[in-house]
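A short write-up of the structure that comes next.
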Amino acid sequence: MELTLWTYEGPPHVGALRIADSMEGVHYVLHAPQGDTYADLLFTMIERQQRRPPVSYTTFQARDLGGDTAELVKRTIAEAVERFRPEALLVGESCTAELIQDQPGALAAGMDLGGIPMVNLELPAYSKKENWGAAETFYQLVRTLLKPQLPPPGTPKADPSRWRAEGRRPRVNLLGASRLGFRCRDDVREITGLLASHGVDVAVVAPLGARPADLMGIPTADANVCLYPEVAGPLCSWLERSFGMATVKTVPIGVGATVTFLQELHRTLGLELPAGLIPGDDGRCDSERHSQLPWYSRSVDSTYLTGKRVFIFGDASHAIAAARIASRELGFQVVGLGTYSRELAREVRAAAAELGLEALISDDYLAVEAAMAEAAPELVLGTQMERHSAKRLGVPCAVISAPLHVQDVPARYSPVMGFEGANVLFDSWVHPLMMGLEEHLIGMFRHDFEFVDGHRSHLGEGAPSAGSSGASGSSGVSLAEPPSTGAPATAGELCWSSEGEAELAKIPFFVRPKVRRNTEAFARERGIGAITDEVLYEAKAHYSR
């Protein structure tokens, strides 16, 4: 464990809290000191919920350590059961309380809980993190509730096409959606509607919105859909081993993946593949027309986007999906791909290898920022940390993954899965680049006579002068002043001449920092003290060889 300003994931008990807060009828008793109760803020401030999470803290203080903290645990558990009457109880400890070794789960097991199912969460806080904690909690809760239903050894695997013999529509479970995930609420709504349009019902959505009684109905479905492998991966594997339930593993983010997801779903359930999902001579399906993204990517208007350099970092599922969409559906050049999800590092490395890249597996946001600067992208797709890093580097950014900010939890309907999700991603990724083009054009034409002070537009006297605040572009860049290059005019013993700075300002803002660094390195190697426009040209020719 290391001290850091920002972190991609919290300790595993935060993951457990996400599962408890995602469900109804579940309560979490957390043995934790007074300072570890901050987790409430994640849900009330970021998710903007109208209630606090279903958690009771023992909230011990320093003076309690000289007494019997085990009694404090038992008292808190008894009070939580009496007050909330949960349908299932989770009991665990925070990273700080783990050092005391009170073993709250064992204490709860020896208490009379009135028949309430209790799950003892043993989450190693100093070796695992939040997503692992969420996955382990979800797995342990479902396993505890389904224990009486476990089929005896040697039972044949369940037939995913049994719905025909039972005279009903096929049904699946949607697993993995949780609080503090990225657009989970809207993804569930989008995929539920998509499945309904193909004649497939949803039996259980979990953990988001489910009750313990709903989890006991998971085996009634014909197959499971693993929407978010970070949370539902271990559970889906166990259900496949124990109940013989098939799993649809394709994550439907992007047009191509949504089509692949539907094709896999139909094969798994034994459904006849509809004409809209059968590829034509050009390799495309008619179902792609449900999204604007494929049409725009093939239009002449998308020419400006072709070959744009993109750096991608986030949780494994969203990072892999973003790399596939960027490279195959938008024609971008992926110059960096990474994740903080170490449990799925193998999958990210495989996706990076297909793009000729070495994946960045790290939970150090400064290392990610350094890799981002080295790659010199024109667009960053990442978490809220990458948004801050990209801002410092002067590069546009779109958030594609948790951890996120309150602004990434829109009140409106805004999925990222399915065909409508592809539209949302298209808008989120393309608009920052278009704004970047606008800023570049403003900077490139700032010396044009139409932009100088005193010139009037076709609006006549009613229009503000170009030098006034009203003449600024939508990005806030004044048309009368050259935009800042984002770096000082001197670098050690080097200095930039006014001609050199003027020529540098003509270079697009998203590659300007790299050009400045390369030019200064070129000048140092040759002992040049003043960088003029001629030196800039020579450096450009040198690095273009």
Side-chain angles (χ1 to χ4, degrees), residues 12 15-16 18-20 22-23 25-26 87-92 105 109 115-124 128 131-166 168 170-178 195 200-251 261 264-265 267-270 317 343-344 346-347:
R18 285 174 52 189
I19 301 302
S22 298
M23 298 184 63
V26 174
E87 299 166 30
L89 184 70
L90 305 177
V91 179
I116 297 174
M118 189 278 295
V119 180
N120 176 16
L121 297 177
E122 296 182 354
L123 308 176
K128 299 294 184 179
N131 278 341
W132 183 90
E136 180 69 9
T137 301
F138 188 34
Y139 162 69
Q140 292 292 352
L141 178 59
V142 175
R143 181 173 178 172
T144 298
L145 294 173
L146 292 184
K147 189 175 181 179
Q149 300 184 41
L150 280 173
T155 302
K157 284 191 173 184
D159 182 8
S161 61
R162 62 187 179 188
W163 54 273
R164 282 199 177 90
E166 297 176 6
R168 56 172 175 81
R171 54 177 177 249
V172 299
N173 300 314
L174 302 184
L175 303 179
S178 70
L195 294 176
V200 179
D201 296 329
V202 173
V204 177
V205 175
L208 190 63
R211 307 190 77 91
D214 297 327
L215 300 184
M216 296 174 70
I218 285 178
T220 65
D222 302 306
N224 295 312
V225 174
C226 188
L227 281 185
Y228 304 93
E230 285 82 1
V231 174
L235 175 61
C236 288
S237 297
W238 179 76
L239 290 170
E240 195 163 358
R241 293 192 309 270
S242 302
F243 288 86
M245 298 184 72
T247 301
V248 178
K249 298 181 179 179
T250 302
V251 179
F261 164 78
E264 182 184 356
L265 179 78
R267 288 195 303 269
T268 301
L269 297 175
S317 298
E343 291 80 14
L344 296 172
R346 179 181 299 177
E347 289 81 351

Checklist outcome for this item: Heavy atoms of Glu122 and Trp132 approach each other most closely as O-CH2, 4.5 Å

Checklist entry - If you round to the nearest 0.5 Å, how far is OG1 of Thr137 from CG of Leu235? => result 12.0 Å

Item to check | Worked check of side chain to side chain contact (heavy atoms under 4.5 Å, CB included) between Ile19 and Glu136 | outcome: CA-CA 10 Å; Ile19 301 302; Glu136 180 69 9; over 6 Å; no

Item to check | Atom pair CG (Asn173) and OG1 (Thr220), whose distance is rounded to the nearest 0.5 Å | outcome: 6.5 Å

Item to check | Where Pro219 and Phe243 come nearest, the two heavy atoms and their spacing | outcome: CG-CE2, 3.8 Å

Item to check | Nearest-0.5 Å distance that lies between atom OG in Ser237 and atom CE in Met245 | outcome: 13.0 Å

Could you list the donor-acceptor pairs under 3.5 angstrom formed by side chains in residues 143-150, with sequence neighbours left out?
unit_1	atom_1	unit_2	atom_2	d
Arg143	NH1	Tyr139	OH	2.4
Thr144	OG1	Gln140	O	2.8
Gln149	NE2	Met216	O	2.9

Item to check | Steps toward side chain to side chain contact (heavy atoms under 4.5 Å, CB included) verdict (Thr247, Leu239) | outcome: CA-CA 9 Å; Thr247 301; Leu239 290 170; over 6 Å; no

Next on the checklist: So which atom in Pro170 and which in Leu269 form the shortest heavy-atom distance, rounded to 0.1 Å?
Outcome noted: CB-CD1, 3.9 Å

Item to check | Leu175 side chain near Cys226 side chain, heavy-atom distance below 4.5 Å | outcome: no

Item to check | Smallest separation among heavy atoms of Ser178 and Val231, with atom names | outcome: OG-CG2, 4.3 Å

Item to check | Inter-residue atom distance Asn131.CG - Arg18.CZ, 0.5 Å rounding | outcome: 5.5 Å

Item to check | Trace of the side chain to side chain contact (heavy atoms under 4.5 Å, CB included) decision for Val172 with Val248 | outcome: CA-CA 9 Å; Val172 299; Val248 178; 5.8 Å; no

Checklist entry - Within a strict 4.5 Å, meaning less than it, do heavy atoms of the Phe138 and Leu141 side chains meet? => result no

Checklist entry - Of the non-hydrogen atoms in Ala221 and Arg162, which two are nearest, and what is the gap between them? => result O-NH2, 2.6 Å

Item to check | Smallest separation among heavy atoms of Leu215 and Ala206, with atom names | outcome: CD2-CB, 3.5 Å

Item to check | Within residues 202-217 or reaching into it, pairs that qualify as salt bridge (charged side-chain N to carboxylate O under 4.0 Å, His left out) - sequence neighbours excluded | outcome: Glu87-Arg211

Checklist outcome for this item: Sequence neighbours excluded, the answer for side-chain contact (heavy atoms from CB on, under 4.5 Å) partners of Ser317 is Pro229, Glu230, Asp315

Checklist entry - Using 4.0 Å as the upper bound for N to carboxylate O, is an ion pair formed by Arg164 and Asp222? => result no

Item to check | Student check: side-chain heavy atoms of Val91 and Met118 closer than 4.5 Å | outcome: yes

